[in-house]
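In the text below, chain A, chain B and the rest are named by the order of the sequence lines, each starting its count at 1.
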Amino acid sequence: MRSDYCGTLRSEHIGKTVSLYGWIDGWRDHGGVIFLDLRDYTGVVQIVSDPQRTPESYHLASSLRNEYVVRVEGRVSARPEHSLNPRLSTGTVEVYADTLEVLNRAETPPFAISKDEEVDEKLRLKFRYLDLRRGRMQKLLRLRHWVMQIVRRHLDERGFTEIETPVLVKSTPEGARDYLVPSRVNPGDWFALPQSPQLFKQLLMVAGFDRYYQIARCFRDEDLRADRQPEFTQLDIEMSFLSMEEIIALNEGLVAAILQETMGLELSLPLRRLTYAEAMVRYGSDKPDTRFGLELVEVSEVFRESSFQVLSGAVAAGGKVVCLPVPGAEGITNTRVKPGGDLFEFVTQFGARGLLFARVREGGQVDTIGAFSKSLTPEIAAGMIEKTGAQPGHLLLFGAGDGTAVPTVLNYLGRLRLKMGEELGLIDPNRHNLLWVTDFPMFEWNAEEKRLEALHHPFTAPRPEDEHDLKTARALAYDIIWNGVEVGGGSLRIYRRALQERVFETIGLTEEEARAKFGFLLDAFEYGTPPHGGIAYGFDRFVMLIAGEQSIREVIAFPKTQRAQDLMLGAPSAVADRQLKELNVRSTLLPKPQG
RNA sequence: GGCCCCGUAGCUCAAUUGGUUAGAGCGCCGCCCUGUCACGGCGGAGGUUGACGGUUCGAGCCCGUUCGGGGUCGCCA
């Protein structure tokens, strides 16, 4: 029976006979005395085996190797004065091993468990159980657990009920690609795995639970990224009879509690807010990183009368000319900004047709090249400097487009802003900046499908004053942004059937389609639905940011690779024909050619 | 689907313009060592340079294809 954990032994235990279990973390055989490091999840303690004092264990001790699982029984002793180890929490004591028992031997692991060195990620994933044994991953997963506990405690204290919702659900038309599961009992029919518990949580409000939350697994069959896994975890919350302000305040309290406990970070509440329109205009993003300036400036008026058609033409066509003023940019060469340069190519991939630039010299003179240069009058130059507040050393980067291209222009300048901020070292990694973005438009034009599309989701309520014209209405929606990362988003929901039907209509969903897909929701709305709203956090992302990690894979116990495979399981994999037959499923894939 | 980076010993990496038998540290194995904690000393084993093809007198290095990992654009309401 275990009496103590390795990492908990202190001077006060001296003289105690203890029974410890753990893994061999390292050993030092001096030919006479043998030192073993014994590790469990609490830490490491030094075990001593000495032919005089512990003759029974000595022979066995010399055969122990890294990662052997052992039981040690012995006396906790004070270390000799000269061999205290201040780097170890147990460094004032050691345990003389009267009895040693090997519970299991271990192969030499493919990478060191006790060292915190970088290891190739595919190797880590293949041997994830060994990777997770390392201190770093133990710490990260315990942090994740800790955050979960804070969430549960905080919400429980405020009257929330944690309710599980199904994982086998119905495929929905909007949104990401679904993971599908064939139904054996209903030949030809399919379940979908949930992209989020959205509809269920609204129905729980209809059911009168008043306040719900769930730490829910969600599934989206889209391409992976550092912050996107095919299955991920949402902290899903929904509340009845609360205003947007009350919901936001409650969430600020939750987030502040988490950051205070785990990071010791004191948020100043209420958090800053930006409207969607303001965020786009000033930062070129609906999730702005406001840890640094470099704000975009609209300079349309400066160029309205310019002889340079690219700019004046854009303004005339109802568009905009937007400037990204970059201070201290002497080091950024023209080559990088001109066609073929890396910065030019960078904006091109976001749809830029070009990238104009000018430089402000000592004395306020404005320099540029080509046709832009020829069109530059003293008035325009002065206007540029005045509007942007540019100083000598500024590089002015311009984007322009007609009315429909404005979002594209703002987007690529916003991306460039981030890149420049990073490159110029304007982002203080120790600074944390949280804010809300509100007043999103209800809908966004989908050029491919030639129809309006819900920006958030089709159950989001419009601002009451905008209800008369849904197409241009702003939504009662809010995203919470942390250092330029969207960690959560939510909205007030539509709770009256007539308005919900109008929204479906606006996104081109016919009554039959709406009925087929969401009939249960529309029906539910007929039976006394309370006003309600909520939020969903990307839980993995949130923990990742708390941990200061660059990838959510670091805070997920068993993540998948970019090709959505589990290297340890070897999943996904082929299944037996019999299984497919049972499910009434046949592959359309041609057999792979042999040899 | 596109673009970019990477793949050399168990691990982390090196290898000049294409040039002898592909090296180092750690780990592993053996021997020695009674106070180490990155123990130390001596010795040893360990390589299809991801794979296939090409260029060349000669390829880890150049070219093509392919597999795998990562980043990113599209995609992700």
Side-chain angles (χ1 to χ4, degrees), chain A residues 25-38 44-54 58 62 65-67 77 79-88 90-91 94 107-127 130 172-178 195-196 198 218-230 232 342 345-351 411-412 415 419 440-444 446 448-449 451-460 475 477 486 489 491 503 507 509 536 538 550-551 553 559-563 565 567:
Chain A
D25 197 54
W27 86 95
R28 295 167 293 284
D29 184 343
H30 284 252
V33 66
I34 296 170
F35 298 105
L36 302 166
D37 295 328
L38 187 67
V44 167
V45 68
Q46 175 162 283
I47 310 296
V48 190
S49 186
D50 167 329
Q52 264 91 62
R53 295 183 61 177
T54 59
Y58 181 72
S62 68
R65 293 296 177 267
N66 283 342
E67 302 312 316
S77 307
R79 287 193 182 202
E81 190 72 40
H82 60 276
S83 63
L84 300 174
N85 186 347
R87 283 182 314 233
L88 215 57
T90 58
E94 57 195 1
E107 293 293 319
T108 302
F111 49 84
I113 307 299
S114 56
K115 278 210 281 186
D116 195 21
E117 65 181 349
E118 290 242 0
V119 177
D120 182 40
E121 195 166 353
K122 58 184 137 172
L123 196 67
R124 292 177 60 200
L125 291 178
K126 183 172 176 194
F127 296 95
L130 294 180
T172 52
E174 301 251 327
R177 195 174 295 115
D178 283 321
Q195 296 180 23
S196 79
Q198 181 61 35
C218 304
F219 306 85
R220 293 179 188 179
D221 187 4
E222 296 291 348
D223 287 352
L224 283 71
R225 290 286 187 281
D227 62 351
R228 271 164 35 191
Q229 281 274 302
F232 62 102
D342 68 304
E345 295 301 318
F346 178 78
V347 292
T348 303
Q349 62 174 331
F350 298 105
N411 178 49
Y412 69 71
R415 303 271 194 160
K419 193 179 172 67
F440 287 82
M442 288 282 286
F443 307 107
E444 171 176 69
N446 183 328
E448 222 168 275
E449 295 179 30
R451 64 180 186 90
L452 286 176
E453 201 169 60
L455 190 72
H456 201 59
H457 56 60
F459 316 106
T460 302
E486 181 198 327
S491 64
V503 167
I507 58 174
L509 215 56
Q550 300 295 315
S551 161
R553 294 189 300 276
K560 293 182 175 54
T561 67
Q562 199 163 80
R563 299 186 60 235
Q565 295 184 336
L567 295 183

- Message: Check this one for me: any side-chain N or O of A:R415 less than 4.0 Å away from OP1 or OP2 of B:C73?
- Response: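 The answer is yes; a side-chain N or O of A:R415 sits under 4.0 Å from OP1 or OP2.
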Every protein N/O within reach of nucleotides 24-27 of chain B N/O, cut-off under 3.5 Å:
from  : atom 1 : to     : atom 2 : distance (Å)
B:C26 : O2'    : A:K115 : NZ     : 2.8

- Query: If you draw a 6.0 Å radius around CD in A:E118, do more than 12 non-hydrogen atoms from other residues or ligands fall strictly inside?
  - Reply: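 No - once you tally the heavy atoms of other residues, nucleotides and ligands closer than 6.0 Å, there are 12 at most.
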Taking the side chain of [X] as heavy atoms from C-beta outward, which of [options] is closest to it?
X: A:N85; options: B:C37, B:C75, B:G69; value: B:C37
X: A:E121; options: B:U12, B:C37, B:G70; value: B:G70
X: A:F350; options: B:G71, B:C73, B:U36; value: B:C73
X: A:Q46; options: B:G35, B:G69, B:U34; value: B:G35
X: A:A176; options: B:C37, B:A77, B:G74; value: B:A77

Watson-Crick or G-U wobble mate for [N], both contacts under 3.5 Å:
N: B:C33; answer: none
N: B:U21; answer: none
N: B:G46; answer: none
N: B:G7; answer: B:C67

- Item | 5' priority, RNA chain B, between A:L455 and A:Q550 [closest heavy atom] |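 Closest to the 5' end, via its nearest nucleotide, is A:Q550.
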- Mapping A:S196 and A:H82 onto RNA chain B by nearest heavy atom, which one lands closer to the 5' end?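 Here A:H82 is the residue nearer the 5' end.
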Is there a donor and acceptor pair, one atom on the side chain of [X] and one on the base of [N], closer than 3.5 Å?
X: A:R225; N: B:G74; value: yes
X: A:D223; N: B:C76; value: no
X: A:Q349; N: B:U72; value: no
X: A:R220; N: B:C76; value: no

- Angle class for the A:F346/A:F350 ring planes (parallel below 30°, perpendicular above 60°, tilted otherwise)?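 Perpendicular.
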Which residues pass the side chain to side chain donor-acceptor pair (under 3.5 Å) test with [X], sequence neighbours left out?
X: A:D25; value: A:R39
X: A:D116; value: none
X: A:Q46; value: A:R28, A:E94

What interatomic distance, in whole Å, is found between [atom1] of [M] and the corresponding atom of [N]?
N: B:G18; M: B:U56; atom1: C1'; result: 9 Å
N: B:G53; M: B:A15; atom1: C1'; result: 25 Å
N: B:G35; M: B:G40; atom1: C1'; result: 13 Å
N: B:A14; M: B:G23; atom1: C1'; result: 7 Å
N: B:C13; M: B:U8; atom1: C1'; result: 9 Å
N: B:U34; M: B:C39; atom1: C1'; result: 12 Å
N: B:C31; M: B:G69; atom1: P; result: 42 Å
N: B:G27; M: B:C42; atom1: P; result: 15 Å

Atom [atom1] of [X] and atom [atom2] of [N]: how far apart are they, to the nearest Å?
X: A:F346; N: B:G71; atom1: CZ; atom2: P; answer: 17 Å
X: A:I113; N: B:C11; atom1: CD1; atom2: C1'; answer: 11 Å
X: A:Q562; N: B:G68; atom1: CD; atom2: C1'; answer: 12 Å
X: A:I34; N: B:G35; atom1: CD1; atom2: P; answer: 13 Å
X: A:R28; N: B:G41; atom1: CZ; atom2: P; answer: 16 Å

Need one value for [X]: base, sugar-phosphate or nothing, where a base atom within 4.0 Å counts as base even if backbone is also close, heavy atoms only.
X: A:R79; value: base
X: A:R124; value: nothing
X: A:A226; value: sugar-phosphate
X: A:L123; value: sugar-phosphate
X: A:D221; value: nothing
X: A:P80; value: base
X: A:E444; value: nothing
X: A:T561; value: sugar-phosphate
X: A:R53; value: nothing
X: A:E94; value: base
X: A:L567; value: sugar-phosphate
X: A:S114; value: nothing

- Message: Nearest 0.5 angstrom please: A:Q198 CD to A:T172 OG1, how far?
- Response: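 Rounded to the nearest 0.5 Å, the CD-OG1 separation comes to 10.5 Å.
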- Is A:F35 stacked on the base of B:U36, with ring centres under 5.5 Å apart and planes under 30° apart?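 According to the criterion (under 5.5 Å, under 30°), yes, A:F35 stacks.
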- Query: Is the closest side-chain heavy-atom distance between A:L567 and A:K122 below 4.5 Å?
  - Reply: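 Counting from C-beta outward, A:L567 and A:K122 do come under 4.5 Å.
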- Message: What I'd like to find out is whether the side chain of A:H456 reaches to under 4.5 Å of the side chain of A:F440, using heavy atoms alone.
- Response: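 Side chain of A:H456 against side chain of A:F440, heavy atoms only: no contact under 4.5 Å found.
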- Message: Using only atom types and a distance under 3.5 Å, with no angle test, would you say the side chain of A:R79 pairs donor to acceptor with the backbone of A:L84?
- Response: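 Looks like no, no N/O pair under 3.5 Å.
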Expected list for residues 222-230 of chain A: side-chain donor-acceptor pairs under 3.5 angstrom, two or more places apart:
from   : atom 1 : to     : atom 2 : distance (Å)
A:E222 : OE2    : A:R177 : N      : 2.9
A:R228 : NE     : A:D223 : O      : 3.4
A:R228 : NH2    : A:D223 : O      : 2.7
A:Q229 : OE1    : A:K560 : N      : 2.8
A:Q229 : NE2    : A:K560 : O      : 2.9

- Could I get the full list of side-chain contact (heavy atoms from CB on, under 4.5 Å) partners for A:T108, not counting sequence neighbours?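 A:T108: no side-chain contact (heavy atoms from CB on, under 4.5 Å) contacts found.
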